[in-house]
Structure formats: structure tokens, C-alpha cells
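One-based numbering, in listed order, for ligands and for the atoms of each.
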Amino acid sequence: MRERDTLANRDIRHDWRLDEILALFDRPLNDLLFEAQSVHRRHHPANEVQVSTLLSIKTGGCPEDCKYCPQSIHYRTGVETHNLLPVAQVKSAARKARAAGSTRFCMGAAWRSPTDSQVRRVSVLVETVKDLGMETCVTLGMLTGSQARELARAGLDYYNHNLDTSPEYYREIITTRTYQDRLDTLAAVRAAGIKVCCGGIVGMGETRRDRAGLLAQLANLPEHPESVPINSLVRVAGTPLDGTEPLPPLELVRCIAVARILMPRSVVRLSAGRTELSEEAQALCFLAGAGSIFCGDLLLTTPNPSFDTDMAMLGDLGLERQAMPRPSSEEARP
Ligand code: SAM
Ligand code: DTB
Ligand code: SF4
């Protein structure tokens with residue numbers, strides 16, 4: 001059935017040109033925020049934030065050379081490494097997140113690409129977390145089509161795989177896999193029927209043109225990712241990007257607003273880097289259309305605001321936490 005030609009549907013485009021995106025970035029902040037918030041309200045509840053919680057299920061020892069990452073073997077960052085966590089430990093962390101009001105549990109593994117047997121073990125984790133009534137997301141590196149289908153069979157809701165930056169700046173950041181590798185994994189995930197979580201990192205020394213280039217790539221994918229995390233670089237000692245000049249918070253706000261306008265139905269996540277942002281700066285990010293955050297004291301290996309700090313912020317701003325999207329009969333399971 002053809003989609004109805006409503007005002008809301010006309011917002012959805014996959015043919016964004018770089019000059020149009022740069023023109024959005026250049027708009028007076030009030031105009032940009034007004035448009036972003038108007039688009040947001042056409043597609044999303046005005047005062048609701050989705051809360052996800054992260055857990056690193058396999059930490060460190062990664063062979064890739066992503067210059068931002070504390071988990072790469074190429075840099076000495078002092079991250080404590082561990083192999084894939086046992087099911088019981090993951091279940092207990094997910095239960096704790098659920099009790100704190102988080103609705104999605106996101107599990108990250110420091111792999112370049114998992115083996116089939118690793119994917120089978122992660123599938124068990126996915127089934128376990130789903131049994132608690134939570135949504136699931138995993139990020140495991142590059143995936144083959146059959147691995148994506150295996151995760152889909154386990155009931156995985158989202159797969160996170162970021163494009164990180166523009167195709168042009170990418171080679172300054174990672175040399176051990178290509179932009180096309182990432183696009184291929186995203187296509188495999190989409191083909192398996194899993195929702196796509198894909199965004200990038202700002203504040204890595206890139207230009208505004210690179211930030212616009214990243215957003216153009218995301219917006220011009222055959223389907224917009226359902227979830228778009230915008231991470232601000234967490235500068236970690238020992239990584240090549242430690243010491244990078246921080247991005248001015250208003251540039252992050254503009255970035256979120258432009259992402260919101262380009263991909264109206266997607267949930268834009270104000271992701272890593274919130275410990276460096278004031279409550280006022282975060283408030284502007286929500287005004288710009290951010291609709292999701294990570295809650296919990298840790299991201300994967302680096303600190304995040306405390307749960308109490310975040311609840312106080314949401315209270316100050318009058319933002320409600322989104323309820324569990326698909327209440328399951330198993331939700332009450334201990
Ligand atoms: N190894 C898998 C991969 O790279 O696809 C999954 C885990 S990896 C840590 C997930 C994402 O975290 C990366 O794509 C990157 O966007 C983000 N990330 C990693 N280190 C970061 C940092 N220091 N600051 C901000 N985001 C970071
Ligand atoms: C994403 O885009 N951001 C999250 C999640 N996907 C996996 C990870 C942020 C990691 C920040 C650095 C760390 O804690 O190691
Ligand atoms: Fe490995 Fe992922 Fe870190 Fe890159 S971002 S070094 S692939 S864990």
C-alpha cells in the first residue's frame with residue numbers, strides 16, 4: 001500500500017545534498033531549533049525520553065585501530081580486559097537496569113567481527129534479556145548475513161554499528177576496516193529484519209563539513225536508522241585522540257538538530273560525552289530533538305552521569321521516561 005502523502009511523510013527524504021545540510025547548520029540557532037522541535041513534535045511525543053543502559057560484555061583486546069577507542073590493542077589505556085561475560089552476570093546487570101527504569105539493554109563487545117560460536121553465545125544473552133521484558137541491542141563489530149539472521153532469530157531488536165564520521169575523514173580515524181565494510185554490515189542487519197542503530201562521533205577534530213557528511217550518509221541510506229546515536233568524543237588517555245580540542249556544546253546542539261530534521265522518524269540519541277555537558281546544554285539537545293540517553297554509571301568503559309543526577313535532570317526539565325514499549329507477559333519474571 002502506498003504511504004499517504006501527509007505533511008509528516010513529506011518530511012522523509014533520502015536525497016539530501018551536502019550543501020543543503022550545511023545550510024541547515026548555518027541557520028540562526030533559533031530558526032534551526034524551532035524547525036527541529038517542530039519536526040520532532042510531528043513524529044514523537046514532545047516530552048518523552050527513551051532510556052537505555054550499556055554493558056560491556058567483552059572488554060578490550062580489540063585488533064582494530066579506531067583512534068578514539070580505549071579498547072584497541074594498539075594503544076595503552078589501562079582498560080581492564082575480560083572475555084565474554086557469563087549469562088548470570090549479564091542477567092543480573094540487565095535486571096538492575098530494568099529496576100532503575102531502563103527499557104533497552106545494550107551489550108557491546110570489543111570484537112572486529114565475531115565468530116559464529118561467539119554469535120551463538122551472544123544469542124543466548126539476547127534471549128535472556130528479552131525474557132526480562134527489555135528491548136535488546138548489541139554491537140559486536142562486522143557481521144555476515146547468516147550471523148545477522150541468527151541474532152534476528154534470537155529476537156534481537158537493534159544492532160548498533162556506527163559510521164563514526166564522514167567518508168573523507170574516516171581514513172584519519174581507522175585504517176583496519178573500510179567505510180564500505182561498515183555499510184555492508186548495516187545492509188546485512190537491515191536484510192535480517194533487525195532495527196538499525198547507527199550514528200557517529202563528533203569532536204574528533206573533524207570539520208563541520210565532515211559532520212554534515214556523516215549526517216548525509218546516514219540520511220541517504222536506503223532506510224533511515226531507527227536509532228541515531230550522536231556521541232561526543234570521550235577523550236581517553238593513551239588514545240591518539242586524547243588532547244583533541246573539545247567541540248563547543250552549541251555545535252553538538254546544531255548537529256542533533258540537523259540529524260532530527262534529516263531523519264524525522266528516527267530516535268536521535270544524546271549518547272557518549274554527557275559528563276562534559278551542563279544540564280543547560282543537555283536541555284538544548286532535547287529541544288533540538290534528542291529523544292534518548294544512556295543511563296547508568298558507566299558507558300562501556302568510561303563514566304556516564306550517575307543515575308540520580310540524570311533523574312534529577314529529567315525532573316528539572318519535566319521530561320518523562322518512555323515506558324517499556326512492548327510489555328511482555330514475561331516482564332514480571334524475577
Ligand atoms: N567493536 C564494535 C564496533 O566498533 O563496532 C562494538 C563496540 S564499539 C566500542 C561501539 C562504538 O562506540 C564505536 O563505533 C564508537 O562510535 C563508540 N565509541 C568508542 N569509543 C568512543 C569514545 N572514546 N568516545 C565516543 N564514542 C566512542
Ligand atoms: C554508541 O554509539 N555509543 C555507545 C554504544 N553505541 C555502544 C558506546 C560509547 C562508548 C564510549 C566509550 C567507552 O565507554 O568505552
Ligand atoms: Fe574495536 Fe570497536 Fe574499539 Fe574499534 S571501536 S577498537 S572495533 S572495540
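Side-chain polar atoms of Thr136 and Asp157 form a donor-acceptor pair below 3.5 angstrom. Looking at Thr59 and Gln71, their side chains never bring a donor and an acceptor atom within 3.5 Å of each other. In this model, no donor atom of one side chain and acceptor atom of the other lie less than 3.5 Å apart for Asp131 and Thr128. In this model, a donor atom of one side chain and an acceptor atom of the other lie less than 3.5 Å apart for Ser52 and Arg269. The closest side-chain donor-acceptor pair between Thr176 and Glu64 falls under 3.5 angstrom. A donor and an acceptor atom, one from each side chain of Asp242 and Thr239, are nowhere located under 3.5 Å apart. Tyr68 and Asp164 share a donor-acceptor pair across their side chains, judged by distance under 3.5 Å alone.
Heavy-atom contacts of Asn162 reach the following atoms of ligand 2: 1 (C), 2 (O) (cutoff under 4.0 Å). Close approach of ligand 2 to Thr139 (heavy-atom distance below 4.0 Å) involves ligand atoms 7 (C). For ligand 2, the atoms sitting less than 4.0 Å from at least one non-hydrogen atom of Leu54 are 4 (C), 5 (C), 7 (C), numbered in the order shown with element in parentheses.
The closest approach between a heavy atom of Gly108 and any atom of ligand 1 is not below 4.0 Å. Using a 4.0 Å heavy-atom cutoff, Ser271 is listed among the residues neighbouring ligand 2.
Counting heavy atoms from C-beta outward, Tyr75 and Asp65 have side chains that approach closer than 4.5 Å.
Counting heavy atoms under 4.0 Å from ligand 2, residue Leu298 does not touch it at all.
The residue from Arg177, Arg235, Met204, Lys67 that puts a heavy atom closest to atom 3 (C) of ligand 1 is Arg177. Nearest-heavy-atom check against atom 27 (C) of ligand 1 across Leu143, Leu54, Ile201, Asn231 picks out Ile201.
The protein heavy-atom contact nearest to atom 1 (N) of ligand 1 is Trp111 O, 3.2 Å. At the shortest separation from atom 3 (N) of ligand 2 among protein heavy atoms lies Asn231 OD1, 2.9 Å. Atom 10 (C) of ligand 2 has its closest protein heavy atom at Leu300 CD1, 4.1 Å. Ranking the protein heavy atoms by distance from atom 13 (C) of ligand 1 puts Tyr68 OH, 3.8 Å first. Closest protein heavy atom to atom 15 (O) of ligand 2: Thr301 OG1, 2.7 Å.
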message = As a quick check of understanding, evaluate side chain to side chain contact (heavy atoms under 4.5 Å, CB included) for Cys198 and Arg182, giving each step before the final call.
response = CA-CA 10 Å; Cys198 181; Arg182 291 186 185 243; over 6 Å; no
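A cation-pi arrangement is absent between Arg98 and Phe105, since the terminal nitrogen or guanidinium carbon is not both under 6.0 Å from the aromatic centre and inside a 45° cone about the axis.
Listed as neighbours of ligand 3 are Cys62, Glu64, Cys66, Tyr68, Cys69, Ser72, Ala110, Arg177, each bearing a heavy atom under 4.0 Å from the ligand.
Each of Arg41, Arg42, Arg265 was scored for a salt bridge (charged side-chain N to carboxylate O under 4.0 Å, His left out) with Asp11, with one residue passing: Arg42.
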